[in-house]
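Structure first, commentary second.
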Amino acid sequence: MDLVTADDVRAAATRIDGLVVRTPLTAGPGADPGFCLKPESLQPTGAFKLRGATNAVALLDADQRAHGVVTHSSGNHGLALATAARAQGVDCTVVVPEGAPEVKVERIRAAGARVELVPVEERLARARQLEQEQGLQLVPPFDAPAVIAGQGTVGLEVLEQSPDVETVVVPVGGGGLASGVATAVRTVHPGRVRVVGVEPELAGDAAESLRLGRRVTWPAERTGRTMADGVRTGLSDLTFAHLNARLEGIVTVTEEEIAHAVTVLARGSRLVAEPSGALAAAAVLSGRVAGDPARPGSTVAVVSGGNVDPELFARLLAVEENEG
């Protein structure tokens, strides 16, 4: 299986320049932070997904652009593809599962996409049907080289913004972000900078996959227990191949550690993070990945998204305040 290269990521960085935000590195929470943050929550769509979607749309040929794109998502990827397609003058259809929060559906529509609501188990099948019947180009959430290369631009920016970086910490769901960042970091500075993935204990299928050396899929009723809904998806063969070859490893964090990270980021760094977006910070704050107060730039935690449900966010902040 051919893996994405650092050159692919560099080319993606050129394509998406001016269409996505070059997010800054900011100080981690606390008076003496042991790490820095890369807040992808500051993207216009609130998550890193805009990078991969923008690169995928930019790579369309004339015929594909004329027909449009399609994907299946009720969350960050659907909004990202709708936004990227509109910015580049391409029609977009997003297949959304019935019962998805109306606020998310309306955000996708507001970004210019046509939305199709289908039963949750029919999402992928319907997207593929539209691909065949209408000639739409399917842009999956993570299982595509163009998407992985786009997400990898996060890693390139970290290398440029923190020359002293030694460890980059990223959340792992479908594995597109971790695959891209590991590709950029490990192939630009092999042996000098490591990339560590983070999963919830309740959705640790990628960690188990790397441990066993083969891709493992956990059922939805098992991964659905975590509040970090953005990482309930398992790896694909493509992302497993990237992580198996290039990721240093994966650590897992508890639900309590995720909740604590959300509140610490809000109060200490003035960042709104969804539970999935707080995973990397949770790993450092819990000590599962070491930080260094004397050299905070040596460890960078990617805050992958900030599209948190307002009620959940308020509840997490209230619980932490009461316990404190």
Side-chain angles (χ1 to χ4, degrees), residues 21-43 48 153-172 177-178 181-182 184-186 188-201 204 207 228 231 246-306 308 313 316-317 319-324:
V21 172
R22 180 183 171 89
T23 54
L25 282 193
T26 63
D32 296 306
F35 63 106
C36 286
L37 301 166
K38 177 72 167 167
E40 285 296 293
S41 51
L42 300 181
Q43 292 293 345
F48 74 95
T153 60
V154 172
L156 284 185
E157 290 179 13
V158 169
L159 293 177
E160 294 167 0
Q161 293 165 328
S162 182
D164 295 330
V165 66
E166 295 176 355
T167 303
V168 183
V169 193
V170 293
V172 178
L177 176 62
V181 171
V185 170
R186 290 289 295 275
V188 171
H189 289 301
R192 186 174 77 79
V193 183
R194 64 176 187 153
V195 180
V196 178
V198 187
E199 282 186 302
E201 285 185 355
V231 296
R246 294 171 176 167
L247 200 68
E248 180 76 15
I250 296 177
V251 300
T252 60
V253 291
T254 67
E255 297 299 291
E256 292 75 16
E257 288 163 344
I258 297 170
H260 178 64
V262 169
T263 61
V264 169
L265 290 175
R267 293 192 174 120
S269 298
R270 281 74 60 194
L271 288 174
V272 174
E274 59 194 273
S276 303
L279 287 173
V284 183
L285 290 168
S286 67
R288 284 174 170 75
V289 177
D292 183 355
R295 301 173 59 241
S298 64
T299 300
V300 175
V302 177
V303 180
S304 58
V308 60
F313 187 62
L316 293 176
L317 291 177
V319 168
E320 187 86 3
E321 183 174 345
N322 291 336
E323 290 181 350

With sequence neighbours left out, the residues meeting salt bridge (charged side-chain N to carboxylate O under 4.0 Å, His left out) with Glu255 are none

Residue pairs meeting salt bridge (Lys or Arg N to Asp or Glu O under 4.0 Å), one or both in residues 292-306, sequence neighbours left out, come to Glu166-Arg295

Nearest heavy-atom contact between Ser304 and Gly277 is OG-CA, 3.2 Å

Shortest non-hydrogen pair, Val168 vs Val185, comes out as CG2-CG2, 4.3 Å

Q) Should Glu201 and Glu257 count as side-chain neighbours, where that means a heavy-atom distance under 4.5 Å? A) no

Are the side chain of Thr263 and the backbone N or O of His260 linked by a donor-acceptor pair below 3.5 Å?
yes

Scanning both residues in full, the closest heavy-atom pair of Ala261 with Ala278 reads CB-O, 3.7 Å

Sorted by chain and number, sequence neighbours left out, side chain to side chain donor-acceptor pair (under 3.5 Å) with Thr153 holds for Arg51

Inset, instruction - Could you tell me whether a side-chain N or O of Arg246 sits under 3.5 Å from a main-chain N or O of Val195, the two making a donor and an acceptor? - result: no

The side chain to side chain donor-acceptor pair (under 3.5 Å) partners of Arg186 (sequence neighbours excluded) come to none

Review point. Hey, are the side chains of Leu177 and Val154 touching, using non-hydrogen atoms and a 4.5 Å cut-off?
Key: yes

For the side chain of Arg270 and the backbone of Gly268, is there at least one donor-acceptor N/O pair under 3.5 Å apart?
-> yes

ask   = Hey, does Phe313 have a side-chain heavy atom less than 4.5 Å from the side chain of Val272?
value = yes

With sequence neighbours left out, the residues meeting side chain to side chain donor-acceptor pair (under 3.5 Å) with Ser286 are Arg288

Paired with Val300, the side chain to side chain contact (heavy atoms under 4.5 Å, CB included) test is passed by just one of Val181, Val165, Thr167, namely Val165

In short, Gly306 meets Glu274 closest at the heavy-atom pair N-OE2, 3.2 Å

Donor-acceptor list for residues 23-36 side chains, cut-off 3.5 Å, not counting sequence neighbours:
unit_1: Thr23; atom_1: OG1; unit_2: Lys38; atom_2: NZ; d: 3.1
unit_1: Thr23; atom_1: OG1; unit_2: Glu40; atom_2: OE2; d: 2.5

Between Val262 and Ala273 the two heavy atoms that sit nearest each other are CG1-O, 3.7 Å

What I'd like to find out is whether the side chain of Pro200 reaches to under 4.5 Å of the side chain of Leu279, using heavy atoms alone. yes

Heavy-atom nearest pair, Val172 first then Glu199, reads O-CG, 3.5 Å

